[in-house]
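Here the structure is a predicted model, which means the values were calculated and not measured.
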Amino acid sequence: MKKLLLFGATGNLGKEVAKTAKQQGYDLTVVVRNKSKTGQLTSITDRFIVADITKRNQLTDICNGFDIVISTLGKSVSPNETSRQSFNDIDLIANSNILEEAKKSGVKKFVYVSAFHCEKYLHLEYFRVHHEFSERLKASGVNYSIIKPPAMFSAFLDMIEMAKRGLLSNIGKGDKRTNPIYEGDLANECVNSIKDDNVTKEIGGRSIYTRRQLNKIIQEEVCPEKNVKNIPLWLFKFSLPVLKVIKKNMYDKFAFFAAVMQEDTIAPQVGQMKFEDYIKMKRKI
């Protein structure tokens, strides 16, 4: 039985990867920031390593004895997430430190969840750090799988509460298309890719939607008596220079939103669950 070490296990994708890895027979250990986080995963595994991934000294020898590392680690793009760490701190530096430990320990496989078309938007911090770490992984000599989704369904969960309050808004025309993927479907692809050799996979959901359609699905399911508002793209972008000065982390998130609202981001259609069914499921929970 191959020994697998999972980083980012308490996130929406990480939990699904943990479930899938266990179901496929891997000897699973997960890394959590503190002991209080273990309760989220005790139904899946009883093997934990407590370490703060932003502190280099807590990662020393962390990969010893493991065959496989999967990192779903990344700073959330949610505006509700307000930690001081930046995309660079988590997505690039922390993952690079983990990769260094993996190489030192002779890990045979490293699976990393990156971002679709990150190489096209290197002027934006979110995409730059994903691309830069992907390049470091490719050059490391470790057998890699790089998984690149356009977005996960869970990225839209904040919008459920916004829809309840009548605050859900289309930014710009909302006519650009994308195919986000259910994190459970993405987890299957991550774990299945362990058997691949040095691959980069662009993976999206089964259905393609405009941004306006995604918001409409959420609003009609959650609170149909309220309407989705409209914010001109120019107005949204107008605030970015000021935000960059006073709150850099939030600027990086909003600059990311502004970019993806202006482009089609359609990956190969792989996932099975539909966005409509996901929102219905989450609304009932």
| said: Could you walk me through whether Glu100 and Arg56 satisfy the salt bridge (Lys or Arg N to Asp or Glu O under 4.0 Å) test, starting with their C-alpha distance in whole Å, then the side-chain angles of each, then the deciding distance to 0.1 Å, before giving a yes or no? | reply: CA-CA 11 Å; Glu100 184 180 332; Arg56 181 67 182 87; 3.3 Å; yes
Below 3.5 Å, can you tabulate the donor-acceptor pairs from side chains in residues 149-165 to any protein atom, sequence neighbours excluded?
unit_1, atom_1, unit_2, atom_2, d
Asp158, OD1, Asn80, ND2, 3.4
Asp158, OD2, Ser78, OG, 2.3

| said: Going by side-chain hydrogen bond (donor to acceptor under 3.5 Å, both in side chains), name the residues that satisfy it together with Lys15, two or more places apart in sequence or in a different chain. | reply: Gln40
| message | Quick test of your reading: applying salt bridge (charged side-chain N to carboxylate O under 4.0 Å, His left out), list the pairs with at least one residue in residues 173-193, sequence neighbours left out, ordered by first then second residue. | response | Arg177-Asp264
| Partner set under side-chain contact (heavy atoms from CB on, under 4.5 Å) for Asp61, not counting sequence neighbours | Asn64, Glu101, Lys104
| request: Kindly state whether the ring of Tyr144 and the ring of Tyr112 have centres lying under 6.0 angstrom apart. | output: no
| task | Apply the test salt bridge (Lys or Arg N to Asp or Glu O under 4.0 Å) to residues Arg47 and Asp27: give CA-CA distance (whole Å), side-chain angles for both, the deciding distance (0.1 Å), then the verdict. | result | CA-CA 9 Å; Arg47 297 189 180 183; Asp27 184 356; 2.5 Å; yes
| field | Residue among Lys274, Glu16, Arg206, Gln272 satisfying side chain to side chain contact (heavy atoms under 4.5 Å, CB included) with Tyr182 | value | Glu16
| said: Ring-plane angle category for Phe254 and Phe257, please: parallel below 30°, perpendicular beyond 60°, tilted otherwise. | reply: perpendicular
| query | Which residue pairs satisfy the salt bridge (charged side-chain N to carboxylate O under 4.0 Å, His left out) criterion with at least one member in residues 133-150, sequence neighbours excluded? | reply | Glu119-Lys148, Glu132-Arg136, Glu135-Lys138
| message | Can you confirm if the aromatic rings of His130 and Tyr126 lie within a centre distance of less than 6.0 Å? | response | yes
| Can you check whether His131's main-chain N or O pairs, donor with acceptor, with Ser114's side chain at less than 3.5 Å? | no
| said: Looking at Phe66, I'd like to know if the NZ or CZ of Lys3 sits under 6.0 Å from its six-membered ring centre while staying within 45 degrees of the ring's axis. | reply: yes
| query | Would you find a donor on one side and an acceptor on the other, under 3.5 Å apart, between the side chain of Gln262 and the backbone of Ala258? | reply | yes
| field | Whether Phe256 and Phe127 hold their rings parallel, tilted or perpendicular, with breakpoints at 30° and 60° | value | tilted
Mind listing the side-chain donor-acceptor pairs of residues 234-245 below 3.5 Å, one per line with the distance, residues two or more places apart or on another chain?
unit_1, atom_1, unit_2, atom_2, d
Ser239, OG, Phe236, O, 2.9

| query | Is Lys201 paired with Asp196 through a side-chain N to carboxylate O contact shorter than 4.0 Å? | reply | yes
